[in-house]
Amino acid sequence: MAYRTSSITTFIVTLVLLGTICEAQLSCTFYDSACSNALSTIRSVIRSAVSKERRMAASLIRLHFHDCFVQGCDASILLDDSSSIEGEKSALQKANSIRGYNIIDQAKAEVEKVCPGVVSCADIVAVAARDASFAVGSPSWTVKLGRRDSTTASKSLATSDLPRFTDDLETLISKFKKKGLTARDMVTLSGN
């Protein structure tokens, strides 16, 4: 049990570190005056989704990880292909393996009903990962808010930066090191 608790704690610390890979001034009170119901609205959608399908918790955490690993935690993972961008969704490492887009869309739709145009998708993805973790009995953590949504995505960065299941250990450690993460962080994020 101590090992499991240690692994969960390491995992949470790693997610927090990934969540702060950005240059913006983030604050846990960012929406307190502009949209005081934002976090409870997101939490409600996530709890409902996880109660219907417990595996969705892991899917939402993975979605957040994949978003942060490419261009930072900017919701670029949510962008579809268009005439001006080639989205990250079709990168080899994500093809048919990332789920939860519909839950993020649902959370965004509910937040928009309460506070139109205020809460970023990037913050919704980060909060959803935290709330999903807590919904299955894992620890919670404070999410600093105020991320801005990306208007670009990069399939090529997703393809080059994200770990592949075929990567050898040296390559995996190198990819995580480039993001400021240790081999221990890599093992924690990969599951044990």
Side-chain angles (χ1 to χ4, degrees), residues 8 11-12 14-22 31 38-82 85-114 119-145 147-155 157-159 161-165 179 185-186 188-192:
I8 290 172
F11 176 72
I12 299 306
T14 304
L15 267 180
V16 169
L17 288 173
L18 270 174
T20 58
I21 300 176
C22 71
Y31 296 113
L39 299 181
S40 60
T41 302
I42 297 166
R43 185 180 316 110
S44 176
V45 172
I46 302 310
R47 281 183 183 168
S48 176
V50 172
S51 71
K52 291 176 186 166
E53 183 188 358
R54 193 167 171 86
R55 290 182 326 132
M56 186 53 68
S59 296
L60 291 168
I61 293 167
R62 180 179 168 104
L63 183 84
H64 180 51
F65 165 71
H66 276 245
D67 182 43
C68 295
F69 212 81
V70 178
Q71 296 184 150
C73 307
D74 62 357
S76 58
I77 192 170
L78 303 178
L79 297 174
D80 292 318
D81 290 346
S82 72
I85 63 169
E86 189 173 22
E88 299 169 17
K89 289 179 180 179
S90 60
L92 178 63
Q93 297 90 321
K94 295 180 184 194
N96 301 315
S97 71
I98 298 295
R99 300 175 340 122
Y101 294 111
N102 60 323
I103 305 304
I104 300 301
D105 289 344
Q106 184 181 358
K108 179 65 173 175
E110 292 302 314
V111 168
E112 286 295 306
K113 289 177 186 175
V114 178
V119 181
S120 69
C121 291
D123 281 341
I124 291 173
V125 172
V127 170
R130 188 262 324 262
D131 290 349
S133 171
F134 188 72
V136 293
S138 293
S140 183
W141 59 92
T142 300
V143 176
K144 292 193 175 186
L145 305 166
R147 291 168 190 77
R148 298 291 174 226
D149 292 337
S150 180
T151 57
T152 64
S154 176
K155 179 180 178 178
L157 273 179
T159 301
D161 286 7
L162 282 167
R164 296 180 187 175
F165 73 93
K179 301 297 180 181
D185 296 332
M186 176 191 72
T188 301
L189 286 165
S190 300
N192 52 36

- Task: Identify the heavy atoms of I85 and T151 that sit nearest to each other, and give their distance.
- Result: CG2-O, 4.4 Å

- Message: Could you tell me if the side chain of V127 sits less than 4.5 Å from the side chain of L39, heavy atoms only?
- Response: yes

- Task: Can you see which heavy atom on A135 is nearest to which on V50, and at what distance?
- Result: CB-CG1, 4.0 Å

- Straight-line distance of Q106 CD to S44 OG, nearest 0.5 Å: 9.0 Å

- Item | Contact summary for R54 and V136, nearest pair of heavy atoms | NH2-O, 3.1 Å

- Between A129 and L60, the two heavy atoms sitting closest are CB-O, 4.1 Å

- State the NZ-OG distance between K108 and S120, to the nearest 0.5 angstrom. 7.0 Å

- Message: Let me confirm one number: the CD1-CG distance from I124 to D131, rounded to the nearest 0.5 Å.
- Response: 11.5 Å

- Message: Is any side-chain heavy atom of C73 closer than 4.5 Å to one of V125?
- Response: no

- Residue pair T159 / A91: nearest heavy atoms and the distance that separates them: OG1-CB, 3.7 Å

- Query: Does a side-chain heavy-atom distance below 4.5 Å link R130 with T142?
  - Reply: no

- Item | Pair Q71-S154, side-chain donor/acceptor within less than 3.5 Å | no

- Query: Under 3.5 Å, is there a donor-acceptor pair between the side chain of S133 and the main chain of P139?
  - Reply: yes

- Give, for atom CD1 of I42 and atom OH of Y31, the distance between the pair rounded to the nearest 0.5 Å. 8.0 Å

- Message: As an exercise, state the distance from NE2 of H64 to CD1 of I77, rounded to the nearest 0.5 Å.
- Response: 10.5 Å

- Distance in Å, C121 SG paired with I104 CD1, rounded so as to fall on 0.5 Å steps: 8.5 Å

- Item | Charged N-O contact under 4.0 Å between K89 and D80 | yes

- Item | Ion pair K155/D81, N-O distance below 4.0 Å | no

- Query: Does any N or O in the side chain of D149 come within less than 3.5 Å of the main-chain N or O of A75, such that one atom is a donor and the other an acceptor?
  - Reply: no

- Query: Is the closest side-chain heavy-atom distance between R62 and I98 below 4.5 Å?
  - Reply: yes

- Counting N and O atoms only, with roles assigned by atom type, does the side chain of D74 sit under 3.5 Å from a partner on the main chain of A122, one being a donor and the other an acceptor? no

- Would you say I103 and I46 make side-chain contact, with heavy atoms under 4.5 Å? yes

- Flag side-chain contact, heavy atom, 4.5 Å: T152 against S76: no

- Query: Shortest non-hydrogen contact from L157 to V70?
  - Reply: CB-CG1, 3.8 Å

- Check whether any side-chain N or O of S51 sits under 3.5 Å from a backbone N or O of S48 as a donor-acceptor pair, and report yes or no. yes

- Task: Report the C-alpha separation of V119 and E112 in whole Å, then their side-chain angles, then the decisive distance to 0.1 Å, and conclude whether the side-chain contact (heavy atoms from CB on, under 4.5 Å) test is met.
- Result: CA-CA 8 Å; V119 181; E112 286 295 306; 5.7 Å; no

